[in-house]
Structures are given as C-alpha cells and as structure tokens.
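Atoms considered below: every heavy atom in the structure, side chains included; atoms not considered: hydrogens, waters and symmetry mates.
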Amino acid sequence: MSFLKVFEVVSAGYSNWATAICIAMVLAVVALVAWALKLMQAANEKQEFSLMLAGCMVCSAAVGLALVMVITLAGPNAPLVHVFQ
C-alpha cells in the first residue's frame, strides 16, 4: 500500500491528529534515510567500516518506522485513526 493511499485513508473525514502524526512520521523516515546516506558517504570517504555499520543501522530504523506506520495507519481496522475520533 502506497503512502498516498495512507494519506487518503487518514484524511477521509477522520481526525486531524492522525494526519499530523502521519506527516510527522513520514518526515522522520525521510530524515533518518538522509542521515544514513550521510553516514555512509562519510564512511566511504574515510574508509571507516564502523560508520558504514552505523548507516545501515539508521537505515534499518527508518525501514522499521515506515513499516510500523503503514501497519498502524492502513491496517485492516486502522486502529490509530479510530483512537482520535
């Protein structure tokens, strides 16, 4: 399910809080991916293996957050959407 579908489900007459939480989580995922890429670029320039591992860990955290967001906001019952009604 795409992020556009998640926004459509969240903003279809439901709470504004759920929309704000969804947008904040998307921004957090984008920031984590940007940070991971910056760490990996620094690892390549300095030939540091530990920075590459740190970049991979940050990237996996971003994937985990995105997965939780999709499951929570677009699941079969969309539980987060119904909490704020």
Side-chain angles (χ1 to χ4, degrees):
M1 180 171 284
S2 68
F3 286 117
L4 294 176
K5 183 66 176 170
V6 172
F7 286 130
E8 182 181 308
V9 168
V10 171
S11 62
Y14 295 112
S15 174
N16 289 334
W17 285 103
T19 304
I21 290 171
C22 184
I23 291 171
M25 289 178 76
V26 168
L27 291 176
V29 168
V30 169
L32 284 173
V33 169
W35 184 31
L37 291 175
K38 185 184 270 189
L39 283 171
M40 290 181 187
Q41 183 179 11
N44 193 22
E45 291 171 0
K46 297 179 182 179
Q47 297 298 319
E48 287 280 337
F49 185 68
S50 59
L51 284 175
M52 188 61 75
L53 286 177
C56 289
M57 288 175 60
V58 172
C59 193
S60 66
V63 169
L65 183 60
L67 180 67
V68 167
M69 179 185 70
V70 169
I71 289 171
T72 303
L73 293 176
N77 297 322
L80 184 61
V81 174
H82 299 295
V83 168
F84 294 109
Q85 285 186 354

Closest non-hydrogen atom pair, Ala36 against Gly55: CB-O, 3.4 Å
Rounded distance [0.5 Å steps], CE in Met57 versus CE in Met52: 14.5 Å
Inter-residue atom distance Glu48.CD - Leu53.CG, 0.5 Å rounding: 11.0 Å
Single hit among Ile23, Val29, Val30 for side chain to side chain contact (heavy atoms under 4.5 Å, CB included) with Leu27: Ile23
Distance-minimising heavy-atom pair for Leu32 and Ala62: CB-CB, 3.7 Å
Contact summary for Cys56 and Met40, nearest pair of heavy atoms: N-CE, 3.5 Å
Non-hydrogen atoms of Leu65 and Ala28 that approach each other most closely: CD2-CB, 3.9 Å
